[in-house]
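Working notes, beginning with the structure itself.
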Amino acid sequence: MAIETYYPFQECEPKWRQAWAERGLFRAGVGDGRPKAYVLEQFPYPSGKLHMGHVRVYTIGDALARFRRMQGYDVLHPMGFDAFGLPAENAAIKHGAQPGEWTERCIDQMREQFTRLGCSYDWDREVVTCRDDYYRWNQWIFIKMWERGLAERRKAAVNWCPKCNTVLANEQVINGRCWRHEDTDVEVRQLDQWFLKITDYAEELLGDLDAKLAAWPNLVTAQQRNWIGRSEGAEVVFRVKESGEPLPIFTTRPDTLFGVTFMSIAPEHPKIMEWIAGKPNEAEVKEFISRVVHEGRESRTDEAAEKVGMPLGVSAVNPVNDEEIPIYVANFVLMEYGTGAIMAVPAHDQRDFEFARKYGIPIRVVIQPQGQTLDPAAMEAAYVEPGVMTQSAQFDGAASEQAKGAITRWLAGRGKGEPTVQYRLRDWLISRQRFWGTPIPFVFCADCGLGPVPIDELPVKLPKKAEFGGEGNPLASVREWVNVTCHKCGGPARRETDTMDTFFDSSWYYLRYCDAHNDRLPFAKEAAAAWMPVGIYVGGKEHAILHLLYSRFFTKVLRDLGLIELDEPFARLLCQGMVLSEGEDPRTGEVKMFKMSKSVGNVIDPGELMDTHGADVARLFILFASPPDKDLEWSETGVEGMARFVNRIWRATQNNLETLRAGVAAGAEVEPGAVEREADRELLRRIHETTRRVTVDLAEREQFNTAIAACMELLNALNDYPLREGDPLGSRLAALAMTRLALLLAPFAPHLAEEVWSQLGREGLAAEQPWPRWDAAALKVETVEIALQVNGKVRARLQVGVEEAEASVRERALAEPGVQNFIDGKQVRKVIYVRHKLVNVVAT
RNA sequence: GCCGGGAUGGCGGAAUUGGCAGACGCAAGGGACUUAAAAUCCCUGGCCUUCGGGCGUGCGGGUUCGAGUCCCGCUCCCGGUACCA
């Protein structure tokens, strides 16, 4: 009989995908009372092509979903497309197509690739954000937010990317540059824009990180904590000497108030122009401000940038001691944070210190380090640590940490200040001057002003066609779309042409999956309650702030709108690492591991990989090569090694097909009590041990690499097992091992699992089998090998009975020649006994 | 600077609660089969060694009978973030 040496994945894989589809195995919520589980991966932008990073996330998610399904859960494992956004619009400009047509083509291609990878999605629930049956609910939610005062249009200094031709959210500005255009500095413009008041939720977003997201990676919660940036301090009301008007500042160091020797305010501060109008220094100050502002935010906010300023010729009065101090305009003060004005304490703040030295402003020490005395003239840097209060009137001698509260209370008692909390988090700017997004459903009427489109007129659909490539937002040039009649007065009105940030779309899509076809609401409350929260969410850490923070915000808003009863959307979060491969740095020529990218020339195409080795080898390799949260180093030889593993399984099946089938026919279940021979017991123990390890790795640890390693060990054990002709128990055992291996591999290599399952003559599909259980009785051994140590070093080993008494083990251990040699001539001080592990003899 | 993560053979990585470091795989060397190669199968392998043993998880200390694992102090690497008052 000719034996097939290679697993014929080309024939097997499509066959099993069809079988799954026909059985409808992946449909969720078919109402049979099984417990529910929600496994979700971040949906992709439909570029048209899966890259290796996609393969990694979706393989991880699919393995978890398949596992839970076999465990008996009713699993919701959906997929969709984050389909609005600039690339489609750029493609439209480049190829002369409409963004919608281009996007739908890409979606078809990607859906095909997902299927080819063997992903077990419930496609009935597909969500595509650029279709009006989805984005109408964006508009609906937006209007509900507006009604609650959570969405508003206002004039503000906003970030503008000249390449995207649109504004950006704060979260989309990285080091002063556009998140999509690393080479493009963001400009600041004063514009009327739509904001979502995420700052209203700052405290809850922060608090729930600790209270409810203990199962999230530290990396993500820490980044969110930083981003929200809560600072406790005090608002202190200084007064302008000349006019008496209040000039509040925010500080986290009220303990240093007596050391204030000047004040700095932001160049954009609205008071400046009032103060200098008609003064001799007016031209000079204006020139300075103009220079600083034009210098650009990027260089101005660089910490290394020189601190420069200019006195305004106006003084402030310090509320703690009525001292008059000069007010400077300074380049490093930000208008957006606090009040745009800061009290300056050169002795205890490094920036103020540098500034004071540069402009000859006095430095007054008000906090002394324990047991030392600082001399302002000799200081080389500000002293920023806590210490003992000095030169601070009645607070002298107190610990500075205590004085913070004391001084704040003193101020509050006199109406000169109060404790406050500042956040770094800014409101979310969500309007974009682009075509390919959800139209913001508002209308401007010259008489009635700004108003929402009535709910029953939603969706406001994008026009089917627009002209791309011209100036500005293409939407604005579609006259018949823009010009409408006001629903209040019937007069002429104009649609808002801004569209929503695509992060709006992705902030609630996971809820839509719960009830994807609802045409009355975004989703029914009961449907969301049935599935939410997402049990495990798999995705990249690049969304640690953006998408994950916005989604948390939306969940809380939707809760407050009464749509759900849920505080946090994602119970667990798994952030997978990047896929790297060897490449050559285009600049330095250095050869090392890089993230796959065209510029480095180290991209591996998943399509080609699946052509060569099949989907299962791709899946297995990507899960095996590295733990999921670490970066993965691509290795062609590693992939080949995985193909060898798959072929070994195949051969182990084919070489003994008759025997294995006979074993299956005879009932491939073997009770632990029924085995006598050592080799049989060993194989049975291995089967159960592997079951245990794979189950624990999947259920509790999300460690696929060790789970697959365990499967490899089981195969090795089976290959070493002396399977003989005419040994019914042996053939049943081997059949059990092989069928078990198929089931344990089913989450990782689903096609292969089906093929082995069916080759061995088992009924049904592997994917619908219950997840195997392990039997503790089969894990039992009669003897274990323990280590014998002398002074902590292993000197011998000993086989001991599992039930053997401690005294007996101690006695035999001491009698071992390997131990005796090392305690000879020494005195035994102590003998440590650890059951089933070791005996350690302490001798000197 | 601050926050988070890491450092284990030639390489990717294991070690689940403080208990035999290096599972599993890759690469390597040797052998079998073959006219030959590929494929496959078998064997070897942390380093050093005077073959007794010694040394080994980034470095230096500590706790412990025992430390990759816990504590203190460093170094380096990766990621995030930063004139945030």
Side-chain angles (χ1 to χ4, degrees), chain A residues 5-6 174-175 217-223 225-227 229-231 233 249-253 256 264 266 300-307 330-334 336-345 348-352 354-355 384 422-425 541-542 544-545 577-578 593 621 624-627 629-642 644-645 647-648 651 692-693 696-697 700-701 703 705-713 715-716 719 785-797 821 829-843:
Chain A
T5 316
Y6 298 100
I174 314 226
N175 292 329
N218 288 340
L219 151 91
V220 175
T221 47
Q223 275 186 50
R225 209 170 284 120
N226 279 343
W227 188 260
R230 183 181 197 273
S231 289
I249 59 97
F250 173 73
T251 181
T252 54
R253 295 295 305 272
T256 63
S264 313
R300 200 183 129 197
T301 55
D302 182 352
E303 194 176 356
E306 200 186 1
K307 291 159 189 37
N331 66 340
F332 64 90
V333 182
L334 305 174
E336 313 88 88
Y337 188 79
T339 63
I342 57 173
M343 66 181 215
V345 188
H348 305 294
D349 180 281
Q350 188 57 27
R351 289 158 306 179
D352 299 343
E354 288 167 30
F355 197 89
V384 298
Q422 276 288 328
Y423 298 93
R424 214 186 71 114
L425 183 70
K541 44 183 164 278
E542 67 274 16
I545 296 171
M578 289 184 298
M593 287 290 170
F621 173 73
F624 178 69
S626 189
D629 54 332
K630 296 245 180 71
D631 287 350
L632 182 154
E633 298 189 2
W634 196 263
S635 150
E636 194 48 45
T637 54
V639 175
E640 282 160 18
M642 193 50 79
R644 275 202 289 275
F645 171 59
N647 286 324
R648 272 206 305 277
R651 277 194 301 275
R692 189 189 66 82
R693 282 170 64 187
V696 170
D697 280 348
E700 292 164 29
R701 305 198 325 146
Q703 289 278 305
N705 52 335
T706 46
I708 292 168
C711 292
M712 289 172 166
E713 287 181 61
L715 177 67
N716 293 344
N719 281 338
E785 187 181 77
I786 65 164
L788 302 183
Q789 300 180 331
V790 176
N791 294 331
K793 288 197 163 74
V794 179
R795 297 302 183 181
R797 290 165 206 286
N821 287 342
R829 304 277 173 194
K830 205 176 189 181
V831 179
I832 313 283
Y833 167 84
V834 183
R835 190 172 137 88
H836 295 181
K837 298 276 186 191
L838 54 76
V839 172
N840 185 16
V841 182
V842 185

Sugar-phosphate only, base, or nothing, as touched by A:Lys793 at under 4.0 Å among non-hydrogen atoms: sugar-phosphate
Atom-pair distance (NE2 on A:His836; C1' on B:G19), nearest Å: 14 Å
Interatomic spacing from CG in A:Asp697 to OG1 in A:Thr706 - rounded to 0.5 Å: 3.5 Å
Touch class at under 4.0 angstrom, heavy-atom based, for A:Val834 against every strand present: base
Side chain to side chain contact (heavy atoms under 4.5 Å, CB included) evaluation trace for A:Asn791 with A:Val842: CA-CA 5 Å; A:Asn791 294 331; A:Val842 185; 3.9 Å; yes
Whole-Å distance separating the CZ atom of A:Phe332 from the P atom of B:C83: 12 Å
Counterpart residues, side chain to side chain contact (heavy atoms under 4.5 Å, CB included), relative to A:Asn226 (two or more places apart): none
OP1 or OP2 of B:A15 under 4.0 Å from side-chain N/O of A:Thr706: no
Euclidean distance, atom NZ of residue A:Lys541 to atom C1' of B:G4 [Å, nearest integer]: 11 Å
N-glycosidic conformation, B:G9 - syn within 90 degrees of 0, else anti: syn
Interatomic distance where CG belongs to A:Asn840 and C1' belongs to B:C65 [whole Å]: 5 Å
Gap in Å between the two P atoms, one belonging to B:C72 and one to B:G5, rounded: 15 Å
Phosphate contact (B:C83 OP1 or OP2) by A:Lys307 side-chain N/O below 4.0 Å: no
B:A21 and B:G56, which share atom name C1', separated by this distance in whole Å: 10 Å
Distance, P atom - from B:C26 to B:U17, rounded to whole angstrom: 29 Å
Closest to the A:Asn226 side chain, choosing from B:G80, B:G19, B:A23: B:G80
By side chain to side chain contact (heavy atoms under 4.5 Å, CB included) - contacts of A:Arg225 (at least two apart): A:Leu206, A:Leu209, A:Asp210, A:Thr221, A:Ala222
Distance-minimising heavy-atom pair for A:His348 and A:Thr256: CB-CG2, 4.0 Å
Non-neighbouring partners of A:Asn719 that pass side chain to side chain contact (heavy atoms under 4.5 Å, CB included), sequence neighbours left out: A:Arg648, A:Ala652, A:Leu715
Integer angstrom distance from the P of B:C55 to that of B:A7: 25 Å
Proximity to the side chain of A:Ala709 - top-ranked nucleotide from B:A85, B:C83, B:A23: B:A23
Pull out every protein N or O sitting under 3.5 Å from an N or O of nucleotides 5-13 of chain B, one pair per line with the distance.
{"residue": "B:G5", "atom": "OP1", "partner": "A:Asn218", "partner atom": "ND2", "Å": "3.0"}
{"residue": "B:G12", "atom": "O2'", "partner": "A:Ala625", "partner atom": "O", "Å": "2.8"}
{"residue": "B:G13", "atom": "O3'", "partner": "A:Asn705", "partner atom": "ND2", "Å": "3.4"}

Residues which pass ring pair (Phe, Tyr, Trp, His ring centres under 6.0 Å) with A:Trp634, listed by chain and number, not counting sequence neighbours: A:Phe621
side-chain N/O A:Arg651 vs B:A39 OP1/OP2, d < 4.0 Å: no
Set of salt bridge (charged side-chain N to carboxylate O under 4.0 Å, His left out) partners for A:Arg424, sequence neighbours left out: none
Please produce a list of atom pairs where a protein N or O lies less than 3.5 Å from an N or O of nucleotides 26-37 of chain B.
{"residue": "B:C26", "atom": "OP1", "partner": "A:Arg644", "partner atom": "NE", "Å": "3.3"}
{"residue": "B:C26", "atom": "OP1", "partner": "A:Arg644", "partner atom": "NH2", "Å": "2.8"}
{"residue": "B:C26", "atom": "O2'", "partner": "A:Thr637", "partner atom": "OG1", "Å": "2.8"}
{"residue": "B:A27", "atom": "OP2", "partner": "A:Arg644", "partner atom": "NH2", "Å": "3.2"}

Nearest-neighbour nucleotide for the A:Arg424 side chain, B:U81, B:G19, B:A85 considered: B:U81
Involving RNA chain B, stems made of at least three consecutive Watson-Crick or G-U pairs, both distances under 3.5 Å: B:1-7 with B:75-81, B:10-12 with B:24-26, B:28-32 with B:40-44, B:46-48 with B:53-55, B:58-62 with B:70-74
A:Glu713 CD - B:G25 P separation (whole Å): 7 Å
Contacts of A:Arg795 that satisfy side-chain hydrogen bond (donor to acceptor under 3.5 Å, both in side chains) - sequence neighbours left out: none
With A:Glu636 via side-chain hydrogen bond (donor to acceptor under 3.5 Å, both in side chains) - residues at least two apart: none
Salt bridge (charged side-chain N to carboxylate O under 4.0 Å, His left out) partners for A:Arg693, two or more places apart: A:Glu713
Stepwise side chain to side chain contact (heavy atoms under 4.5 Å, CB included) test for A:Leu219 and A:Lys541: CA-CA 8 Å; A:Leu219 151 91; A:Lys541 44 183 164 278; 3.5 Å; yes
B:C11 versus B:G45 - spacing of their C1' atoms, nearest Å: 15 Å
B:G25 phosphate, OP1 or OP2, under 4.0 Å from A:Asn716 side-chain N/O: yes
Check: A:Ser626 side chain, A:Asp631 main-chain N or O, donor-acceptor pair, under 3.5 Å: yes
Distance in Å, A:Gln350 CD paired with A:Lys307 NZ, rounded so as to fall on 0.5 Å steps: 8.0 Å
Touch class at under 4.0 angstrom, heavy-atom based, for A:Glu785 against every strand present: base
Rounded interatomic separation in angstrom, taking CG from A:Leu425 and C1' from B:C84: 13 Å
Atom-pair distance (CE on A:Met343; C1' on B:C84), nearest Å: 14 Å
B:C59 and B:C77, which share atom name C1', separated by this distance in whole Å: 15 Å
Short side-chain N/O contact to B:A15 OP1/OP2 from A:Arg701, under 4.0 Å: yes
Sugar-phosphate, base or nothing in reach of A:Arg795, heavy atoms under 4.0 Å: sugar-phosphate
Distance in angstrom units between A:Asn821 CG and B:G53 P, rounded: 8 Å
Listed nucleotide nearest any side-chain atom of A:Thr5, set B:C65, B:C84, B:A39: B:A39
Closest-nucleotide 5' rank along RNA chain B - winner of A:Thr251 and A:Val696: A:Val696
Listed partners of A:Met712 passing side chain to side chain contact (heavy atoms under 4.5 Å, CB included), at least two apart: A:Phe624, A:Met642, A:Phe645, A:Ile708
Between B:U57 and B:C70 - C1' atom distance, rounded Å: 16 Å
Syn/anti state for B:G45 [syn: chi within 90° of 0]: anti
B:G22 to B:U69 separation - C1' atoms, rounded to the nearest Å: 15 Å
